Amino acid sequence: MLDRKFLRKEPQIVADAIKAKNEKIDIELWINADSKRRALMLQIEDLRKLRNELSKAVSMKKRNGENADSEMNKSREIGANLSSLENEVAEIDIQLAELENSFPNIPDSDVPLGGEENNVVLRSWGEIPQFDFAPRPHWDLMEGVFQPEAAGRIAGSNFILFRGWAAKLQRTLISWMLDHHINSGMEEIWAPFVATPESMTATAQLPKMDDDMYRIGRDDLFLIPTGEVPLTNLYRDQLLEEADLPVRLCGYTPCFRREAGSYGKENRGLNRVHQFEKVEMVRFEHPDRSDEAHQELLNHATGMLELLGIPYRVLLLASGDLSFAAAKCYDIEIWSAGQKKWLEVSSLSNFRDFQARRGNMRFRPAGGGKPQFVHTLNGSGLALPRLIISLVENGQQADGSIKLPGILAELMGTEVIR
RNA sequence: GGAGAGGUGGCCGAGCUGGUUUAAGGCGUACGCCUGCUAAGCGUAUGUAGGGGUAACUCUACCGAGGGUUCGAAUCCCUCCUUCUCCGCCA
């Protein structure tokens with residue numbers, strides 16, 4: 001959510017951001033409703049003041065045993081007036097809230113304008129593996145341990161069922177990544193995998209992503225589409241002390257996505273599924289340090305890829321590719337040798353105070369003074385299916401066996417999976 | 001699922017037979033004083049949001065959320081959420 005004062009003062013910046021993010025909403029609607037609301041509030045507050053004074057007079061007179069009928073009648077009239085004005089304001093408030101929820105965050109000034117084609121590759125690491133045979137896609141290499149048909153029988157199409165070493169590999173990676181985060185000072189969180197509409201609104205999956213999420217209608221809950229939701233909402237409506245910052249969290253969660261209308265070749269195998277596992281990093285930062293924190297999250301995520309020996313590149317997303325709530329976002333893409341393409345395995349965003357304002361997450365400055373909104377950041381660290389794709393496809397050998405990077409070989413108890 | 005008890009400012013906690021409470025008091029925090037340091041003590045200030053004014057300042061709202069009763073609601077009524085205790089059910 002954007003600050004109302006900002007909306008009043010800088011409508012053009014907001015309009016530009018709406019355009020840059022390809023949203024369709026008109027700020028004029030908000031401006032009109034807001035000024036109408038303020039005019040009404042002026043009247044309401046005057047009437048309330050009058051009524052408060054009358055009330056006081058009634059109270060005094062009654063205590064002295066005097067008659068207060070005329071004050072009470074006046075007050076009654078005011079009450080009738082007030083309730084009709086208050087109803088008007090209530091309607092406007094609903095409009096305003098809807099509009100405010102629909103304004104996207106403002107992209108940072110260093111974010112390139114335009115769509116996906118304007119994303120900038122900031123850096124890359126590692127050599128793209130070469131083979132003296134034709135490398136195969138993961139669904140071939142994982143035949144027997146990755147069984148989409150079995151998953152389909154259980155839950156419908158586009159779900160994952162792993163067995164044997166694939167199941168163990170996933171569990172091992174989750175555990176290793178969490179330990180990696182914990183060792184760098186993050187606190188591990190195990191949170192609910194469902195969340196209320198309020199939580200979804202605070203992190204801004206609602207209203208925009210409604211159609212992309214699974215909803216449990218009977219209890220009005222959503223299956224979380226990312227660990228960002230529970231980890232960030234941990235501090236919804238909370239007041240932190242400056243000394244508490246930064247709060248550095250990590251946690252494993254499954255992520256549920258309807259991926260409505262996305263079928264086809266691009267989505268074969270593990271590329272795009274309805275449920276995937278992910279380790280998420282979330283950070284609550286002092287506004288002055290969020291840029292630095294963003295870099296740290298990025299370096300932390302890429303550090304893991306370097307340990308695993310997976311070639312990657314880092315993209316700075318252009319405005320049109322930026323999510324609704326983000327001010328700035330880096331994507332990390334890793335190489336898929338079998339499919340010969342880059343796969344997004346992590347998205348690291350700085351939301352500045354956008355989510356904090358929606359979720360009322362604040363801190364009290366060290367020297368006292370008014371509470372301020374924190375900055376929230378998050379990033380995948382990392383998403384499992386595509387990481388597994390890359391490990392399997394990049395590590396494949398001519399006979400179809402898979403060579404594991406040293407660190408994983410140790411954890412899995414074998415250097416080569418057959 | 002059933003019964004009961006709670007939800008008040010950063011925290012604790014009074015008020016809850018409706019009207020000088022426009023939320024007491026304490027803790028914490030900030031500043032100052034005093035004690036030759038420290039501890040203790042004393043004094044003052046200190047909720048959030050919005051509006052008006054150049055300004056000292058001032059007005060309005062907020063006591064889990066939303067409705068209702070009333071001239072007037074933290075206080076009475078209804079619905080919902082949530083926490084705790086007991087019972088039931090359950091991996």
Side-chain angles (χ1 to χ4, degrees), chain A residues 1-9 30-101 190-202 206 216-222 230 233-245 247 284 286 353-354 356-374:
Chain A
M1 194 168 15
L2 299 169
D3 189 1
R4 281 193 174 178
K5 285 177 186 158
F6 182 79
L7 288 169
R8 277 176 208 138
K9 209 176 139 198
W30 185 89
I31 290 171
N32 293 337
D34 177 59
S35 63
K36 196 165 159 198
R37 186 198 131 92
R38 277 194 293 169
L40 284 169
M41 283 311 290
L42 228 56
Q43 293 182 53
I44 287 178
E45 289 187 359
D46 280 349
L47 287 175
R48 280 179 181 159
K49 183 181 175 187
L50 214 62
R51 188 177 66 179
N52 286 346
E53 283 164 0
L54 286 168
S55 250
K56 214 167 277 183
V58 171
S59 162
M60 295 273 264
K61 287 201 166 180
K62 287 216 163 178
R63 204 165 314 117
N64 297 334
E66 298 171 37
N67 182 295
D69 285 353
S70 88
E71 282 83 357
M72 280 164 62
N73 284 333
K74 259 189 225 161
S75 184
R76 210 188 316 256
E77 272 177 45
I78 290 173
N81 250 328
L82 262 178
S83 62
S84 88
L85 288 172
E86 280 166 346
N87 284 339
E88 273 187 67
V89 168
E91 279 175 35
I92 293 178
D93 276 340
I94 291 169
Q95 282 177 37
L96 282 174
E98 261 176 42
L99 288 166
E100 283 163 15
N101 273 333
W190 193 287
F193 299 160
V194 295
T196 61
E198 290 73 31
S199 293
M200 290 298 178
T201 302
L206 286 179
I216 305 167
R218 195 151 114 152
D219 297 299
D220 205 15
L221 291 169
F222 292 88
N233 274 282
L234 179 55
Y235 286 99
R236 178 154 54 89
D237 290 322
Q238 301 297 304
L239 183 62
L240 293 158
E241 295 298 329
E242 182 170 343
D244 296 333
L245 300 175
V247 176
F284 301 83
H286 191 284
D353 62 4
F354 191 82
R357 185 170 270 114
R358 288 180 158 235
N360 192 29
M361 304 171 220
R362 297 172 302 161
F363 72 97
R364 192 180 290 282
K370 289 202 181 284
Q372 297 180 32
F373 290 112
V374 297

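Please read all numbers here as calculations on a predicted model, not as lab measurements. Quick note on labels: first sequence line is chain A, next is B, and so on, each numbered from 1.
- Position along RNA chain B of the nearest nucleotide to A:Arg51 versus A:Lys5 favours A:Lys5 as the more 5'-ward residue.
- Between the CG atom of A:Leu50 and the C1' atom of B:G72 there is a distance of 14 Å, rounded to whole Å.
- A:Ser55 and A:Arg51 share no side-chain donor-acceptor pair at under 3.5 Å.
- To the nearest 0.5 angstrom, A:Leu2 atom CG is 9.0 Å from A:Arg358 atom CZ.
- B:C12 and B:G67 have their P atoms separated by 27 Å, given to the nearest Å.
- If you check every strand for non-hydrogen atoms under 4.0 Å, A:Arg8 touches sugar and phosphate atoms only.
- In this structure, the CD atom of A:Glu71 is 14 Å from the C1' atom of B:G19, given to the nearest Å.
- Closest to the side chain of A:Arg364, from the set B:G72, B:U48, B:G52, is B:U48.
- Straight-line distance from the CG atom of A:Leu239 to the C1' atom of B:G28: 13 Å, rounded to whole Å.
- Backbone-only engagement by A:Leu42 is indicated by non-hydrogen atom pairs under 4.0 Å involving sugar-phosphate atoms exclusively.
- Spacing between B:A39 and B:A49 at atom P, rounded to whole Å, works out to 33 Å.
- A close approach under 4.0 Å does not occur between any side-chain nitrogen or oxygen of A:Arg76 and OP1 or OP2 of B:U69.
- Checked by atom type and distance alone, the side chain of A:Asn73 never pairs as donor or acceptor with a backbone atom of A:Ser70 at under 3.5 Å.
- Ion pair A:Glu88/A:Lys36 not flagged as a salt bridge, since none of the NZ, NE, NH1 or NH2 atoms sits closer than 4.0 Å to an Asp/Glu carboxylate oxygen.
- Aromatic ring pairs are classed by plane angle as parallel below 30°, tilted from 30° to 60° and perpendicular above 60°; the pair A:Phe363 and A:His286 is tilted.
- A straight line from CD of A:Glu45 to C1' of B:A49 spans 11 Å, rounded to a whole angstrom.
- Nucleotides B:U22 and B:A74 have their P atoms positioned 8 Å apart, rounded to a whole Å.
- Applying the 4.0 Å criterion to OP1 and OP2 of B:A61, one finds that A:Asn52 has a side-chain N or O inside that range.
- B:G88: no Watson-Crick or G-U partner with both key distances under 3.5 Å is found in any strand.
- Of the C1' atoms belonging to B:A23 and B:C62, the separation is 12 Å, rounded to the nearest Å.
- One interatomic measurement links the two molecules: CZ of A:Arg357 to P of B:A49, which rounds to 11 Å at whole-angstrom precision.
- Protein atom CZ of A:Arg48 is 15 Å distant from nucleotide atom C1' of B:U22, rounded to whole Å.
- Picking from B:G52, B:G19, B:U60 the nucleotide with the shortest atom distance to the side chain of A:Ser55 gives B:G19.
- With both pairing distances under 3.5 Å, B:A39 is matched to nothing as a Watson-Crick or G-U wobble pair.
- Across all strands shown, B:G10 forms a Watson-Crick or G-U wobble pair with B:C27, both key distances being under 3.5 Å.
- Counting non-hydrogen atoms under 4.0 angstrom, A:Arg362 reaches the backbone sugars and phosphates but no base.
- Going from the P atom of B:G7 to that of B:A14 covers 9 Å, rounded to whole Å.
- Between A:Gly79 and A:Arg63, the residue whose closest nucleotide on RNA chain B is further toward the 5' end is A:Arg63.
- As rounded to whole Å, 15 Å separates atom C1' of B:A61 from atom CG of A:Leu85.
- Per the geometry, CE belonging to A:Met72 stands 15 Å off P belonging to B:G18, to the nearest Å.
- A:Lys370 comes within contact range of the sugar-phosphate backbone alone, with a heavy-atom separation under 4.0 Å but no base atom that close.
- For the atom pair CE (A:Met41) and CZ (A:Arg48), the distance works out to 5.0 Å, reported to the nearest 0.5 Å.
- For B:A61 and B:U44, the C1' atoms lie 28 Å apart once the distance is rounded to whole Å.
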